[in-house]
Amino acid sequence: MARRRRPRGGAPLAARTHRLHPVAMPELPEVETTRRGLAPHLVERRVAGVVLRRPDLRWPIPPEVVDCLPGQRIVDVRRRAKYLLLDTRAGSALLHLGMSGSLRVLPASVPAGPHDHVDLVLPAGRVLRFNDPRRFGCLLWQPAGQVHPLLRALGPEPLSEDFDGDYLHARSRGRSAPVKAFLMDQRVVVGVGNIYTAEALFAAGVSPLRAAGRVSRERYGRLADAIKGILRHAIARGGTTLRDFLSPDGAPGYFEQELSAYGRGGQPCTHCARPLKQAWLAQRATVWCGHCQR
DNA sequence: CGTATTCCCTGCACGC
DNA sequence: TGCGTGCAGGGAATAC
């Protein structure tokens, strides 16, 4: 039963023979795409009931979801970081898709399948169905006028004006953690996960291993611009690939062939053709070009 | 405080 | 073809 210890530190691993598959992991663009797809079907609708098929996802689903939500009218569907908030007068249902979660609006007559953990019953014979095989997601409750503890310490939204190179530069002084870990810290900036961090570092020419405090203001400017550009592109892409807005099932913002770094360890760099390096950093697979990223 | 590590969970790729 | 193993990931919790 010995749990194998993953290789740690910056030591590059041998190139993998198998491919990493960027499946529909909900990163910020996927959550935003889901929000846009769902909003027209939820706003101004009244929740008629809640069907819990499993009492817990990542955490137990609090009784307020069952006790307070039914009868409430959804007045807005918002996103904060990778959380979706279904606002009502009584409070907000707080949803996180984790790694494998998806939300769909379906006719209530569609039988629930495996991992269909929760339905919010909507008017006109429809339900909002939450499916999450790995159960890293959550459904929580935020009373009106309060901010849920999970949302209190979050950093700025990456697409907001509060987020730019100067902000990153100021926040990173004295930090010895690798810049990749720094960028993935939700207290620094929200919603920038493993895929998009790897792509932004590649685009900006910054090594993921470099200490966050040792990245210049100018390079942080390039990083912030890269993060914004990549996220905007992925959101736009999500909007175009989401054919059936009744089923916002996490259409990936990126197609595999658009990725320059993520999942391409050992393959040639798209700039210099040298093989991309891969290592474990902050408990995540990290791919970068040792020549183009410094 | 910052940093590093562990853990939660299941589907799938892979090797035998 | 079937079975066992390892790995993917967000991010909270924990340890230092």
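Values below: every heavy atom of this structure, side chains too, minus hydrogens, waters and symmetry copies. First the proteins, then the strands, lettered A, B, ... as listed; each starts at 1.
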K.L.:
Check whether any side-chain nitrogen or oxygen of A/Ser176 sits under 4.0 Å from OP1 or OP2 of B/dG2, and answer yes or no.
P.N.:
no
K.L.:
Hey, does the side chain of A/Asp185 reach the backbone of A/Phe182 with a donor-acceptor pair shorter than 3.5 angstrom?
P.N.:
no
K.L.:
For A/Glu157, check side-chain hydrogen bond (donor to acceptor under 3.5 Å, both in side chains) against everything at least two apart and list the hits.
P.N.:
A/Arg79, A/Arg80
K.L.:
Using ring centroids (six-membered ring only for Trp), state whether A/His117 and A/Phe130 fall under 6.0 Å.
P.N.:
no
K.L.:
Can you figure out which of C/dG10, B/dG2, B/dG11 approaches the side chain of A/Arg175 most closely?
P.N.:
B/dG2
K.L.:
Compute the bend angle of the helix from B/dG2-C/dC16 to B/dC16-C/dG2 from the end axes (five pairs per end), rounded to 10°.
P.N.:
40°
K.L.:
State whether a side-chain donor-acceptor pair under 3.5 Å links A/Glu258 with A/His233.
P.N.:
yes
K.L.:
Is there a side-chain contact between A/His96 and the phosphate of C/dG11, meaning an N or O under 4.0 Å from OP1 or OP2?
P.N.:
yes
K.L.:
Is A/Arg54 paired with A/Asp56 through a side-chain N to carboxylate O contact shorter than 4.0 Å?
P.N.:
yes
K.L.:
Just the rounded figure in Å: distance from P of C/dG11 to CG of A/Leu140.
P.N.:
13 Å
K.L.:
Quickly work out the A/Arg58 CZ to B/dT6 C1' distance and round it to whole Å.
P.N.:
12 Å
K.L.:
What is the distance, to the nearest angstrom, from the CD1 atom on A/Ile195 to the P atom on C/dG11?
P.N.:
13 Å
K.L.:
Measure centre to centre between the rings of A/Phe202 and A/His271, then say whether the value is under 6.0 Å.
P.N.:
yes
K.L.:
Under 4.5 Å between side-chain heavy atoms, counting indirect links through other Ile/Leu/Val/Met/Phe/Trp/Tyr residues: same cluster for A/Leu94 and A/Leu69 or not?
P.N.:
no
K.L.:
So does A/Arg284 reach the base of C/dA8 with its side chain, donor to acceptor, closer than 3.5 Å?
P.N.:
no
K.L.:
Go through B/dT3, B/dT10, C/dG10 for me and flag the one nearest to the A/His115 side chain.
P.N.:
B/dT10
K.L.:
Please state whether the phosphate of B/dC8, meaning OP1 or OP2, lies under 4.0 angstrom from any side-chain nitrogen or oxygen of A/Arg135.
P.N.:
no
K.L.:
Expressed in angstrom and rounded to an integer, what is the separation of A/Asp56 atom CG from B/dC7 atom P?
P.N.:
19 Å
K.L.:
Which one, B/dT3, C/dA8, C/dA12, comes nearest to the side chain of A/Arg134?
P.N.:
C/dA8
K.L.:
Without decimals, in angstroms, what is the distance between A/Phe136 CZ and B/dC8 C1'?
P.N.:
5 Å
K.L.:
Tell me the interatomic distance from A/Gln278, atom CD, to C/dA8, atom C1', rounded to whole angstroms.
P.N.:
12 Å
